[in-house]
Amino acid sequence: MAHSQTLAAEIEMLRSVYAAFNRREIETVLGLMHANVDWPNGMEGGRVLGTAAVRNYWKNQFELLDPHVQPENFTVEADGRIAIDVHQVVHDKAGTLLMDHMIQHVYEIRDGLIQSMEIRD
């Protein structure tokens with residue numbers, strides 16, 4: 001029972017992360033990450049490490065793009081990570097649609113905070 005309550009709390013936290021991201025409430029999202037979070041750089045490839053690096057990555061991203069991500073389906077992987085099917089819509093700053101597709105985000109949650117995220121096409 002405790003595991004299912006923990007999982008439900010983690011999924012609810014991740015839902016709140018997406019809502020805050022879409023509102024550009026970046027400090028709220030960063031507050032739900034471990035200080036040494038391991039995050040994908042979806043624009044240039046590679047990874048960024050730590051909340052300061054994620055903040056800078058998003059600041060740069062939002063100067064160029066207007067992404068919106070909507071979580072649609074949550075599943076638990078064999079290793080305990082949470083995989084989310086995400087509808088991603090990205091416009092440039094002029095409003096031109098650049099992307100409208102489904103991707104998958106996979107999260108490792110540790111002690112109630114995001115430790116890492118992976119993007120799968």
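These numbers come from the heavy atoms of this one structure, side chains and all, not from hydrogens, waters or symmetry mates. Residues: numbered from 1 along the sequence shown.
Open room surrounds NZ on K59; 12 or fewer heavy atoms of other groups in view lie less than 6.0 Å from it.
Among residues at least two apart or in separate chains, ring pair (Phe, Tyr, Trp, His ring centres under 6.0 Å) pairs with a member in residues 76-112 are Y18-H105. Listed by first and then second residue, the salt bridge (charged side-chain N to carboxylate O under 4.0 Å, His left out) pairs that reach into residues 103-121 are E77-R120, R81-E118, E118-R120, sequence neighbours excluded. Applying the side-chain hydrogen bond (donor to acceptor under 3.5 Å, both in side chains) definition to pairs two or more places apart or across chains, those involving residues 44-56 are E27-R55, D38-R47, N41-E44. Within the structure, the salt bridge (charged side-chain N to carboxylate O under 4.0 Å, His left out) test picks out no pair touching residues 96-107 (sequence neighbours left out).
One finds the CG atom of D92 at 11.0 Å from the CE atom of M99 (value rounded to the nearest 0.5 Å). To the nearest 0.5 Å, atoms CD1 (I11) and OG (S16) are separated by 12.5 Å. Atoms CD1 and CZ, on I26 and F21 in that order, are 6.0 Å from each other to the nearest 0.5 Å.
Residues M117 and L113 do not share a hydrophobic cluster, defined by chaining ILVMFWY side chains whose heavy atoms lie under 4.5 Å apart. Tracing side-chain contacts under 4.5 Å through hydrophobic residues (I, L, V, M, F, W, Y), one reaches L98 starting from I103; they form part of the same cluster. V54 and I119 fall within a single hydrophobic cluster, where Ile, Leu, Val, Met, Phe, Trp and Tyr are joined by side-chain heavy atoms under 4.5 Å apart, directly or via other members. Using a 4.5 Å cut-off between side-chain heavy atoms of Ile, Leu, Val, Met, Phe, Trp and Tyr, with links allowed through other members, V17 and V106 fall into different hydrophobic clusters.
For the pair T75/I82, no side-chain contact is recorded, criterion being any heavy-atom separation below 4.5 Å from C-beta on. Side-chain atoms of I109 and M13, non-hydrogen and from C-beta on, do get closer than 4.5 Å to each other. In this structure the side chain of Q5 never reaches within 4.5 angstrom of the side chain of L7, judged on heavy atoms.
The closest donor-acceptor contact from the side chain of Y57 to the backbone of W39 lies at 3.5 Å or more, if one exists at all.
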Enumerate, atom names and distances included, each donor-acceptor pair closer than 3.5 Å involving a side-chain atom of residues 62-74, sequence neighbours excluded.
| unit_1 | atom_1 | unit_2 | atom_2 | d |
| --- | --- | --- | --- | --- |
| D66 | OD1 | R24 | NH2 | 2.7 |
| H68 | ND1 | N22 | OD1 | 3.4 |
| N73 | ND2 | D85 | OD2 | 3.3 |

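Connectivity analysis of hydrophobic side chains (ILVMFWY, heavy atoms under 4.5 Å, direct or indirect) links L97 to V89.
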